[in-house]
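For reference, the structure is listed below as structure tokens.
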Amino acid sequence: MCGIVGIVGKSNVNQALYDALTVLQHRGQDAAGIVTSHDGRLFLRKDNGLVRDVFQQRHMQRLVGSIGIGHVRYPTAGSSTSAEAQPFYVNSPYGITLAHNGNLTNVEQLAKEIYESDLRHVNTNSDSEVLLNVFAHELAVRGKLQPTEEDVFAAVSHVHSRCVGGYAVVAMITGYGIVGFRDPHGIRPVVFGQRHTDEGVEYMIASESVALDVLGFTLIRDLAPGEAVYITEEGQLFTKQCAEAPTLQPCIFEHVYLARPDSIIDGISVYKARLRMGEKLADKIMRERPEHDIDVVIPIPDTSRTAALELANRLGVKFREGFVKNRYIGRTFIMPGQAARKKSVRQKLNAIELEFRGKNVMLVDDSIVRGTTCKQIIQMAREAGAKNVYFCSAAPAVRYPNVYGIDMPSVHELIAHNRTTEQVAELIGADWLVYQDLPDLIDSVGGGKIKIEHFDCAVFNGEYVTGDIDEAYLDRIEQARNDLAKVKNQAVSAIIDLYNN
């Protein structure tokens, strides 16, 4: 997952882009970048690290211009070299910069086409650079000195016909405007909105609506699957459906874990969806264990808090905050190396013994991926004096890798792969374990006022919505994502960065 933002303003947008990226920081903590444009010149700053670390005052002062895009990133294939920080840039045609959230599943074929047919060179292993070159080529073949909105939309249409996977994109065409577009399945989220100033109307495109809220923009709507929005430097807004057969099948894991609870995605409140997840979990517990002896429900901060609160309310059991979180530690399931993850959990959470001593505790988490985190947390609960430790997952068992932009581990590192619920409970050390049922999760997310017929639930059921994923593809990403590959990539990246600096 990554976070993207683009702003067409009436004055310098550097501070607004910075603020938007800090709001989207939960979507990527590996690298950050901003590029702005003024009088036909580009001003770029990007590097590894958090937003607050990448952009110092001297960098911000150089990012002049009333139009720009930004990106926060974490690696989807294990590499963390600063050369792959976004946005990416190509000088032809016009000078285009691009930031991307997602993953292309036919990137190897596209990279070959770009070199052999489009005569373009790709300098990194990032599929975002491949996507940029596809878009740039399709815009170049229009042969226009000054591209119109129809030229931009035609280029996006050809991107859709060539690129397969999940992608939400924001790109800046130097001297002309910003374009945002979404893959034909709508897997990754993207919204756009506006705000009125004394100088006129300003526009923003972003991964989540919360970025618009914080900066005072009014949400217009989500981009539809396959749709593109083009905003000129002068502030004219155009939209067009650019895919032949779009179908809305958004990633359900956005609502489980990725998105902030105060975001609205495809018209669905993430907060309300998580409340419903808690209700469904409570109902399942009452069905399967009507004589349960749960004394207290404790969330594992932060994403499970909403579901845990409603679960406790529904069960009529006390809700307590039993863990204090250190907010300066990154998300653990994307950290390379089992040792690093184990160390990070202990640094991130500390138990409040008062809430555990002598009690039957129900711990609630948003999901269980490797099982590393929950195993340590269960042990921490026992060390704090819990009599029994039960565990709830607001999501079903994660049994398959994600191929659309979430760097979940290789299939053999997924604790639930080819294991029963009872086997997982034993491995993580829980007295018993309850997973959310997939139909209940789908109903939780899609059961509100906004009805969505189908979601991408591939990590739970192995059904990939793009229809192009086979065992050979999964074997390739297995090699790219296993821990050894990540450790090697980090070592190489560190050497390269040291040499470049």
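Starting from 1, each residue takes its place in the sequence as its number.
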Please test Thr22 against Gln25 for side chain to side chain donor-acceptor pair (under 3.5 Å), starting from the C-alpha separation and ending with a verdict. CA-CA 5 Å; Thr22 60; Gln25 186 77 85; over 6 Å; no

Test salt bridge (charged side-chain N to carboxylate O under 4.0 Å, His left out) on Lys284 and Asp440; report intermediate values, then the result. CA-CA 9 Å; Lys284 183 174 182 180; Asp440 284 344; over 6 Å; no

Could you go through Asp266 and Arg182, starting from their C-alpha distance and side-chain angles, then the distance that decides it, and tell me whether this counts as salt bridge (charged side-chain N to carboxylate O under 4.0 Å, His left out)? CA-CA 12 Å; Asp266 294 311; Arg182 192 179 185 188; 2.9 Å; yes

Under-4.0 Å salt bridge between Glu355 and Lys359: yes

Is Glu383 atom CD crowded by more than 12 heavy atoms from other residues, nucleotides or ligands, each under 6.0 Å away? yes

Electrostatic pair Asp437-Lys280, nearest N-O below 4.0 angstrom: no

Residues Asp295 and Lys318 bridged, charged N to O under 4.0 Å: no

Are side-chain N/O atoms of Ser126 and Glu129 paired as donor and acceptor at under 3.5 Å? no

Under 4.0 Å between a Lys/Arg side-chain N and an Asp/Glu carboxylate O for Arg221 and Glu227? yes

Check step by step if side-chain contact (heavy atoms from CB on, under 4.5 Å) holds for Leu215 and Met204. CA-CA 10 Å; Leu215 274 75; Met204 178 192 285; 3.6 Å; yes

Residues Arg305, Asp366: salt bridge by 4.0 Å N-O rule: no

In chain order, what residues pass the side-chain contact (heavy atoms from CB on, under 4.5 Å) check against Arg399, with sequence neighbours excluded? Ala397, Ala416

Residues which pass side-chain contact (heavy atoms from CB on, under 4.5 Å) with Ile264, listed by chain and number, not counting sequence neighbours: Ser209, Ser269

Salt-bridge contact Asp283-Arg314 (side-chain N to carboxylate O under 4.0 Å): yes

Under 6.0 Å between ring centres, would you say that holds for Tyr435 and Phe391? no

Closest non-hydrogen atom pair, Ile477 against Asn402: CD1-O, 4.5 Å

Could you pull out all residues at least two apart from Asp293 that satisfy side-chain hydrogen bond (donor to acceptor under 3.5 Å, both in side chains)? Asn360, Tyr390

Would Tyr167 and His160 count as a side chain to side chain donor-acceptor pair (under 3.5 Å) here? Give the steps. CA-CA 10 Å; Tyr167 50 91; His160 289 331; 2.8 Å; yes

With a 4.0 Å cut-off on N to O distance, would you call Arg27 and Glu254 a salt bridge? yes

Which one of Asp127, Asp468, Thr466 satisfies the side-chain hydrogen bond (donor to acceptor under 3.5 Å, both in side chains) criterion with Thr105? Asp468

Side chains of Ile300 and Val364: does their closest heavy-atom pair fall under 4.5 Å? no

Does a donor on one side chain and an acceptor on the other come within less than 3.5 Å for His454 and Gln249? no

